[in-house]
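One structure is given here, and the rest of the page talks about it.
FYI, side chains are in, hydrogens and waters are out, and symmetry mates aren't considered; it's all heavy atoms of this structure. In this chain, numbering begins with 1 at the start of the sequence shown.
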Amino acid sequence: MISERTKAALASRKTTGIKLGNPTNTAEAAAKGRKKSINEADRFAQTVLPIIASIQRSGVTSLRGLAMALNNRGVRTARNGLWQVSNVRNILARQSAANLLL
């Protein structure tokens with residue numbers, strides 16, 4: 001019965017010219033979401049890169065060493081986790097990419 005009523009209601013609305021479904025362009029929405037994620041990642045990188053530079057000046061240069069130093073200082077990742085080698089590598093790669101664009 002529910003199915004029949006739903007189908008009847010949708011058919012009725014369709015005949016009156018009302019547009020059914022999600023009007024959002026999914027490709028456009030996905031592009032906006034990607035852009036927002038990139039902007040947030042850039043903002044986070046700008047806050048943590050000075051800390052990484054300070055650690056590097058103290059003599060720690062390996063990715064593992066940088067991750068350990070960030071964890072020891074109580075600095076959390078963008079998602080509030082502990083630093084791993086891959087997190088440090090991604091932040092440094094973001095910095096390199098930004099420098100290439102300048």
Is a donor on one side and an acceptor on the other found under 3.5 Å between the side chain of [X] and the backbone of [Y]?
| X | Y | value |
| --- | --- | --- |
| N87 | Q84 | yes |
| W83 | L66 | no |
| S54 | P50 | no |
| S12 | A8 | no |

Problem set entry | Gap separating the CG atom of N39 from the CZ atom of R43, nearest 0.5 angstrom |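 Result: 10.0 Å between the selected atoms.
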Problem set entry | N90 side, atom CG; T77 side, atom OG1 - distance, nearest 0.5 Å |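 Spacing of CG (N90) from OG1 (T77) equals 11.5 Å.
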Exercise. If Ile, Leu, Val, Met, Phe, Trp and Tyr residues are connected whenever their side-chain heavy atoms lie under 4.5 Å apart, and connections chain through other members, are M68 and V75 in the same group?
Worked result: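 Looking at the clustering, V75 is in a separate group from M68.
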Is the closest side-chain heavy-atom distance between [X] and [Y] below 4.5 Å?
| X | Y | value |
| --- | --- | --- |
| I52 | I91 | yes |
| Q56 | V60 | no |
| K36 | E40 | yes |
| L92 | L49 | yes |
| L82 | R76 | yes |
| S86 | R89 | yes |

Problem set entry | Nearest heavy atoms of I51 and R73, plus distance in Å |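 Nearest pair, atom of I51 first, then R73: CG2-NH1, 3.9 Å.
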Exercise. With a cut-off of 6.0 Å (strictly less than), are more than 12 heavy atoms of other residues, nucleotides or ligands near CZ of R64?
Worked result: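 Counting other residues, nucleotides and ligands, CZ of R64 stays at 12 neighbours or fewer.
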